[in-house]
Structures are given as structure tokens and as C-alpha cells.
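Inspection log for the structure reproduced underneath, given as C-alpha cells.
Below, chain A is the first sequence line, B the second, and so on; all start at residue 1.
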2 protein chains.
Amino acid sequence: MARVRRENGGRPKRPTMVDVAREARVALRTVSRVVNNDPTVGPEYVVKVEAAIAALNYRPDERARQLRTGVTGTIGAAVRRIAEANPELAAIERTAREAGLTLLAASTDFDETRERDILISMCRQRLDGIIVEPFGDNHAYLQPELDAGVPVVAMDRPMSGISVDCVMSDNAAGIGMAFHHLHQQGHRRIAFIGDSERVFSGRERAVAFRAALRAHGEAAEGLVHSGEITPERVAAALDTALRGPDPATALVTGNMDTTLAVLRHLGPQAASRLALVGFDEVPLGDLLQPALTVVAQQTSVIGRTAVELLRARIADPARPAQTVTVPVALKVRGSGEVGV
Amino acid sequence: MARVRRENGGRPKRPTMVDVAREARVALRTVSRVVNNDPTVGPEYVVKVEAAIAALNYRPDERARQLRTGVTGTIGAAVRRIAEANPELAAIERTAREAGLTLLAASTDFDETRERDILISMCRQRLDGIIVEPFGDNHAYLQPELDAGVPVVAMDRPMSGISVDCVMSDNAAGIGMAFHHLHQQGHRRIAFIGDSERVFSGRERAVAFRAALRAHGEAAEGLVHSGEITPERVAAALDTALRGPDPATALVTGNMDTTLAVLRHLGPQAASRLALVGFDEVPLGDLLQPALTVVAQQTSVIGRTAVELLRARIADPARPAQTVTVPVALKVRGSGEVGV
DNA sequence: ATGAAAGCGCTAACAC
DNA sequence: GTGTTAGCGCTTTCAT
């Protein structure tokens, strides 16, 4: 049974369709039909071929099939971090699987060069389509690929320099909800700490927060802090916001990393001294005391939509690019409901 | 420039090496050499070919290259869950990248059938090797693939029915550390709640815990609870352990999910009533009160080792299979240091 | 319904 | 140093 020919260096050589045809004494074409479950094959041939396949342990070579047919049945996902909790990626995988697609996932790792390498590599692999959570801020180099018909969908952030389908959360509405909630609880000095405004979502959220302040007639001075998420910068921002004659009594954090940095700086009871609403769910946020009130993104909707947009574009490369905005929801759990 | 031929249905056709050769008025072979940075090409040809490549927006087809050369430069990782925090997967990706390998990651999703589908699919894609965090308990169906020379490495758990390289944590030592630590703190009634003993790590850890009890002359009655991780079962196990005339004063949990279930059942201050040591880090465990004392696995060592074992096997298919055991470490943070 | 042969896009011998 | 040709393993006309 283990009739493996060895060639050079002890590396066994897998049997090919030709070997199966010879073993079964049928034509190559017949083996191909059996492998692809073509119903027009005589039952006796099916038996013979399947016996030969089993005897030789034949496995079709997917690469050759892909080369011949032109499609890979695989889509790529270039996300910023695989391997951290990534519910969007989970949703992409689930949706892709349901559609019979294989998923090739890679981390851009917050590195513009690496993002580019990954995307180019995916194009060279002739994947059926690519979902990207863009990081760099100039994706014009992808224009030739788009012209060549490579389907691309942006997730969480738009891409600059090219026009592609995009799905993302309603950042402005989320910030509005957070602000409004704290305002309703009676807070009048509400601060915001978020990501750098060079990052798309950081910018959108900071802008929305300033708009909320303005809408409620509050001044933004000393209340809006955006920049890199480092423990030092977050600590400094907190100190500024909480000091002075008129300190903030409530805080909105612009993303998960900021929320964690705030919690780590103030200690676990941060939220018993300060009303806190975070953008993004925090793992185990429900076990903290008080539990964390957050603006939650519908990550699985986003991931599923990304795949759906991609499939729609694969089916019709000519359809106009569209941007889908997914609503967010306020999860009231305690930390935002601390009195003034 | 955007000289894209369209054929059927508006799908553009990408130019091939032949097109580039024609455009540059050189032979196919020359284009191939330029693309592969062969130094023996005359500089004037390099210029001509690169101009043609740019003019046509040519991108080499990786599938054809792979088919011809026989190697894919890609390894597969079949893990139980992509998309949850998975530091081992992160380490695999990093190590693979450093070695110039692409990573194809897929979730087996705690589903034996799916695991099998994924592994077979990876074999059909002729990946250079496969890392699997095994879930099912009979992998004999992979024997033909192993015979055919497919390199496979098991991670976290051994595979049954076949002999492959394996890397995993020293489960017994970790349980020993947890028990010993609590015993040193003066606890004499130490309970254990863990995963089903049908799962390899659940079994190893339960067995090790019983051995620890025995070594300290304690009886196991009512103290060792293994089974499916559901809120109900964990609650029942807790009730049993904490009730009666001689209730447990300390608890060891067998994995992260159990730890979370315990925390959720007892409330966040669980550890102020009960000394608790968990197996596995818990995200944000350091922000709880008291912070969680855990047995931490060296996940990045495990992931890196998995790739290294795989590369060693790719290089030498004949080398004997080996199992690498990675030490674990006790992280003392507070929850295991609560008095009797 | 089955068989022979061409060809997907590339690399590797070999000749020039 | 460059061009010609065969062939990787499969699918797909086209004959039979």
C-alpha cells in the first residue's frame, strides 16, 4: 500500500493523477472526473479509480487545479494583529467558511512596509479577493492590482488614494453616545483620551468628541487628549484632565488600549473615582469593579459584511464601491454611572 | 499603461511572463531570470524587462512557480481558535516570517470533522508543513500523509495513532507548583476544578493534582472535579468543594475557561474569600482584586519551538520524532496568597 | 461515456 | 549570457 517512490534525498514523491490512471487502467480524464464527482462516470470505473486512489494514497494537488482553473477558492485577510483577540477575524473566518472559501490570514503588525509586502504577496498568489484592515496611509500602489481586477475590501478604516468597498463602525455616533450618557448622569467636565489623530479612527473619534463638547456648550480646553498610546502619555493626559480648579469628573477613552492604560494607571478602582466609558469592549471588563461601561462595536457584523462585500465584488467587478457604516451600542455596566 | 485585455464577462486577464517577454523583445527565460534577480543577466536586459513589467503591471503568478518548483514557502497552522487571544499563534507567525515562510492559519473550532477537513485540505495544497493543536482523538487517518512525507508537528497536546514531533507545557510540574504554593501558604484543603479528563491536558492536570494530594497525604474526596467547562458544572463543583464540615480554603483551576467561570460564579472578589491559583494567564488578570496568581505557560517559546521542530523535519524527514516539554512558571500576584 | 492531447504560467535543462 | 524546449499536475476542449 505505501507504494511511495523516493527520488532524491529520501523525499518521497506523491503519486499524481497519471499514476492513478495507470494503476486503475483508465484514462487520466476518467480519474479527473471521479475526483470531481462527475456524475457521468460509469459506476464500475468509479470503483476501480477509487481503489487505485486508496492503494496509492493519492491526494489531488490543489495548486495545479488552481493554476488550471484560475480560481483559488481562497481569500486573504491582512489584519493589524492576528493572534490578539480579534472577533472581526473570527467573523470573517466563519463567513468565509460558510461560503466555501479558505481564509489566508496575515498580520500587518502595525508596519506599513509589512502591510505592503503582504498585500503584494496576496496578489501574487492570485487570491480570489483581499480584506484589509488598512494601516499605512497611502495605498495608491494598489491601483494597478485594482485595475487588474483584484477585489479588495477595507475594514474598520477607509483606504487612501484608491477607491474600494469599505465597512466600518459609526465612530461619531459611538462617541456621541458615550458623551451623552455621561452628560445625562450629571457630568459637566468630561475628558477624552484617545489615539493619535494621524490614525483614522483616532481622528474621527477626537473630532466627534470636540463636536459633542461644542454641542453642549462646553469648552474643549484641557479635555481632549489624543496621541500615541503609551503609559506615559496616558498618565500625563490623565493628570492634566484631573488636576486644576475644575477637574474632569468623567472620562471617555478612545479605544481599548487607552482604556487599559487608564485602568492600569489609576489602579483597578479607577472607575470608583471617575466615571468612565470606553470605546471598544475590553476582555473581562465585566469582572472589574465596577464593571466597564463601553461603546461596543458589532465586530461580527463588520467581519461578515466585509466578506459579503468582497463576494459581491468578486461576482461583479464593475459594481461601484460602497461604504457600509455599522451602528455601535452602549453597554451600561457601572463604570459610567458613578455620581459626580 | 493600463493595457489590460478583457476576455469574458469583463474579467481582466493579467499579463503573463510571455507577454512581458514579447513587450521587452527578449526570451521568456530572460524575464524569469530578472524576476528572480539572477545576477547573470546583462544590465541592459534588466532595464528593458523591468520597463516592460512596469508597463504591463505584470505580477508573477505564485501558483505556477509553486507548481513548478514543488515548494510553497507556506506552512499551515490548524489551531483550535484563531481570533481569540492566541499568543502561540502569534509566536508561530513571527517565527515563520523570520524564516521567510508564509503562514496559513485556520480554526478547527473544537470540531473533529472540521479539524480533519482542514488538515486534508492543507495536504492537498501541498503546504511545506503543518502545525496542529490537535483536538480529535484519532489521527490515524493522517498516516498516509506522513508516509508521503508531509511534515507535521503537534502543539500543546500529542496526537494519537501516529508518531509526530510535539511541543507542550509541563502540565504536571505546573499543577505541582500551584499545589505546593498553596500548601506552603498553610492551606490543607485544596480543591481542583478542571477540564474533562477526555481532553489530554485535562487528564494530565487532574492526574497531577491527585498525585500532589497523595504526596501530601491528603485524601482526594470531594476535591477533584473534572468535566466539561460549563457555568453550571463549575458552580456545582464549587458548591461541593466549599460546603460540608471541612470545606476547601484554596482552589486550583485547570485552565483559563475554568478560572473565568469560577470568577464569574463567585463574583470578582472570589479570591478574597478563597485562595485561587489558575492554570494559564487570564487577560487582565493583573487588574482584578486581588490580582490573579497563575501558572503561566511560555506560549511564545511553544510557538517558536513548533516552527523550529517543523523546519527541522522539513530539512530532514527521516529524523526521529521528538517531544519537547516547555517549563511553566508560577506568577505570584495575590489571589493565591490569601490566608487560611 | 471514455480517451488523447493541449495548455494554465512558470522554472530548469540544455543548446547556442 | 541568452534563447529554446520540456514539463510541474491538473482541467478541458475535442475526437472517438
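- Between the P atom of D:dG9 and the OH atom of A:Y58 lies a distance of 10 Å, rounded to the nearest Å.
- Taking a cutoff of 4.0 Å between a charged side-chain nitrogen and a carboxylate oxygen, A:D165 and A:R313 qualify as a salt bridge.
- Proximity of A:T30 to the phosphate of C:dG3: a side-chain N or O atom is located under 4.0 Å from OP1 or OP2.
- Across B:P60 and B:V35, no two heavy atoms sit closer than the pair CG-CG1, 3.8 Å.
- In this structure, the CZ atom of B:R126 is 11 Å from the C1' atom of D:dC10, given to the nearest Å.
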Between protein and nucleotides 5-8 of chain C, what N or O pairs are separated by less than 3.5 Å?
residue : atom : partner : partner atom : Å
C:dG7   : N2   : A:R68   : NH1          : 2.9
C:dG7   : N3   : A:R68   : NH1          : 3.2

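- Around the CZ atom of B:R319, the shell of radius 6.0 Å holds more than 12 heavy atoms that belong to other residues, nucleotides or ligands.
- Looking at heavy-atom distances under 4.0 Å, B:V41 makes contact with sugar-phosphate atoms alone, never a base.
- Contact check on B:R126 versus A:E62 returns no salt bridge, with no Lys/Arg side-chain nitrogen under 4.0 Å from an Asp/Glu carboxylate oxygen.
- A:D38 has its CG atom 11 Å from the P atom of D:dT11, to the nearest Å.
- When heavy atoms are screened at a 4.0 angstrom cut-off, A:V35 is found touching no nucleic acid atom at all.
- Between A:P158 and A:M168, the shortest heavy-atom contact is CD-SD, 4.0 Å.
- Separating the CZ atom of A:R14 from the C1' atom of D:dC10 is a distance of 15 Å, rounded to the nearest angstrom.
- Across the interface with DNA chain C, nearest-nucleotide mapping of B:P60 and A:A27 shows A:A27 to be the residue nearer the 5′ end.
- Computed from coordinates, the B:N36 CG to C:dA12 P distance equals 8 Å when rounded to whole Å.
- When the C1' atom of C:dG3 is taken as reference, atom CZ of A:R33 falls 10 Å away, rounded to whole Å.
- A salt bridge does not link B:R116 to B:E145: none of the charged side-chain nitrogens sits closer than 4.0 Å to a carboxylate oxygen.
- For A:R25 and C:dG3, the CZ to C1' distance is 16 Å, given to the nearest whole Å.
- Listed pair B:S32 / C:dT11 meets the phosphate criterion, a side-chain N or O lying under 4.0 Å from OP1 or OP2.
- At least one donor-acceptor pair closer than 3.5 Å links the side chain of B:T305 to the backbone N or O of B:V301.
- Atom CE of B:M17 is separated from atom P of C:dG9 by 12 Å (rounded to the nearest Å).
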